[in-house]
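Predicted, not measured: the structure shown is a model, and the values here were computed from it.
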Amino acid sequence: MSGQKESVLSEITITMFKLVQEILEEEEKRDYFDLTEDAYLKKIELKTAALSACSCKVGGILSGVTEEGIVHLENYGKYLGIIYQINNDILAFTNNTDKMDYSVENNQQQDTLTLPLIHSLNQKIDMEVSDITLGPRAITEIIQELNYCTVNDSSLEYAYSMMEHFALLAKEELDYFSKSSTTKSLNYIIDFLLNNIELNS
């Protein structure tokens with residue numbers, strides 16, 4: 001049991017350290033907005049997905065899962081965190097406020113670049129987006145200008161397709177385990193997030 005406690009505390013400590021480090025780095029780069037999808041995914045992996053992965057890994061450790069099984073749970077948690085964040089991104093633009101996580105509107109107010117917006121900007125801005133440096137006022141104006149366009153172009157559909165992509169990866173991680181009520185519940189969480197989105201056909 002003491003070994004388990006040490007492992008759990010180690011995982012939580014490492015995750016929180018990385019999370020705080022990422023938050024501090026974001027603050028230092030507050031006026032810089034990287035419009036690449038890779039940067040967006042990396043940001044999620046270091047924050048939302050990291051917390052989800054840590055939770056799943058800790059659960060595996062406390063449940064006595066094998067080391068290989070813990071790796072699969074950790075990967076599942078990472079993909080689940082990405083799915084969750086993209087889900088919130090889409091809801092922020094579809095105005096399903098009854099289904100929206102409480103933090104989404106706040107994220108919009110803080111000029112966070114969501115996946116649908118990044119996709120839309122990359123389609124509409126005729127320049128090398130990886131070299132763009134935009135201040136808070138500039139990005140706010142772009143968000144206000146393109147919000148309507150984003151909802152009506154392919155960007156939301158693209159974001160949803162990315163959810164489906166990571167959902168498939170997450171479910172593949174669960175295939176390592178024998179079917180049980182637990183794996184059924186973990187699969188249900190993925191399906192819930194996918195079905196929580198209503199896009200215009």
Side-chain angles (χ1 to χ4, degrees), residues 1-23 36-92 94 96 98-104 107 112 114-116 118-119 156-199:
M1 179 63 71
S2 60
Q4 281 186 337
K5 288 183 178 179
E6 290 179 2
S7 296
V8 167
L9 288 174
S10 175
E11 289 303 324
I12 294 175
T13 301
I14 292 172
T15 299
M16 295 308 297
F17 174 79
K18 290 180 178 178
L19 179 61
V20 171
Q21 189 176 40
E22 174 62 17
I23 292 174
T36 62
E37 189 174 306
D38 286 344
Y40 165 85
L41 291 174
K42 180 181 179 181
K43 180 178 178 179
I44 294 178
E45 288 182 10
L46 292 172
K47 295 179 70 176
T48 309
L51 289 173
S52 180
C54 179
S55 298
C56 292
K57 187 173 184 177
V58 166
I61 293 172
L62 294 177
S63 300
V65 177
T66 64
E67 289 186 8
E68 187 176 359
I70 289 174
V71 172
H72 286 285
L73 283 174
E74 184 178 18
N75 288 336
Y76 165 84
K78 178 181 72 174
Y79 296 136
L80 180 64
I82 295 173
I83 296 166
Y84 174 82
Q85 187 59 58
I86 298 176
N87 174 280
N88 276 353
D89 286 359
I90 295 174
L91 291 178
T94 57
N96 292 326
D98 58 323
K99 299 179 181 178
M100 191 185 302
D101 180 81
Y102 74 93
S103 65
V104 174
N107 285 340
T112 298
T114 60
L115 183 57
I118 289 172
H119 185 263
L156 290 177
E157 285 77 10
Y158 174 77
Y160 188 80
S161 73
M162 291 297 289
M163 279 185 65
E164 293 178 316
H165 167 71
F166 286 108
L168 179 61
L169 294 178
K171 291 190 174 188
E172 287 177 351
E173 296 295 335
L174 293 178
D175 288 341
Y176 168 81
F177 303 97
S178 300
K179 291 185 178 179
S180 65
S181 58
T182 300
T183 56
K184 183 178 180 180
S185 296
L186 294 176
N187 273 301
Y188 173 80
I189 296 172
I190 299 171
D191 293 333
F192 173 81
L193 291 173
L194 289 172
N195 296 329
N196 197 37
I197 299 296
E198 298 176 4
L199 299 178

Output, in order, the C-alpha distance, side-chain angles, deciding distance and verdict of side chain to side chain contact (heavy atoms under 4.5 Å, CB included) for K171 and D191.
-> CA-CA 10 Å; K171 291 190 174 188; D191 293 333; 2.7 Å; yes
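- Side-chain contact check for K57 versus I70: some heavy-atom pair is nearer than 4.5 Å.
- Remark: L168 CG to E173 CD distance equals 10.5 Å, nearest 0.5 Å.
- The NZ atom of K184 sits 13.5 Å away from the CD1 atom of I189 when rounded to the nearest 0.5 Å.
- With Y79 contributing its side chain and A53 its backbone, the two residues share no donor-acceptor pair below 3.5 Å.
- Using a 4.5 Å heavy-atom threshold, the side chains of I86 and L193 count as separate.
- The backbone N or O of I83 sits nowhere less than 3.5 Å from a side-chain atom of N87 that would complete a donor-acceptor pair.
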Quick one: do Y40 and I44 satisfy side chain to side chain contact (heavy atoms under 4.5 Å, CB included)? Show the steps, please.
-> CA-CA 6 Å; Y40 165 85; I44 294 178; 3.2 Å; yes
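- Considering every non-hydrogen atom in both T48 and G81, the closest pair reads CG2-O, 3.6 Å.
- Within the model, atoms CG of L115 and CD1 of I90 stand 7.5 Å from one another, a figure rounded to the nearest 0.5 Å.
- Inter-residue side-chain proximity for L51 and Y84 is flagged as unmet; no heavy-atom pair is nearer than 4.5 Å.
- When all heavy atoms are compared, the tightest approach of A49 to I82 is CB-CG1, 4.0 Å.
- Considering CD of E164 and CD1 of I190, their distance stands at 12.5 Å, rounded to 0.5 Å.
- Taken to the nearest 0.5 Å, the CD atom of E157 stands 9.5 Å off from the NE2 atom of H119.
- Closest of all the heavy-atom pairs between C56 and G77 is SG-CA, 3.6 Å.
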Could you go through the side chain to side chain contact (heavy atoms under 4.5 Å, CB included) check for Y176 and T66 one step at a time?
-> CA-CA 11 Å; Y176 168 81; T66 64; 3.3 Å; yes
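- The two residues E37 and Y158 have their closest heavy-atom pair at OE1-OH, 2.6 Å.
- In terms of heavy-atom proximity, A167 sits nearest to L194 at CB-CD1, 3.8 Å.
- Exactly one residue among L186, T182, N75 makes a side-chain contact (heavy atoms from CB on, under 4.5 Å) with L174. That residue is L186.
- Ring-plane geometry between F177 and H72 is classed as perpendicular, the angle between the planes exceeding 60 degrees on a 0 to 90 degree scale with a lower cut at 30.
- A donor-acceptor contact shorter than 3.5 Å is absent between the side chain of S63 and the backbone of G60.
- Among all heavy-atom pairs drawn from T183 and S178, the shortest one is CG2-O, 3.6 Å.
- For the atom pair CD of E74 and OG of S52, the computed distance is 10.5 Å after rounding to the nearest 0.5 Å.
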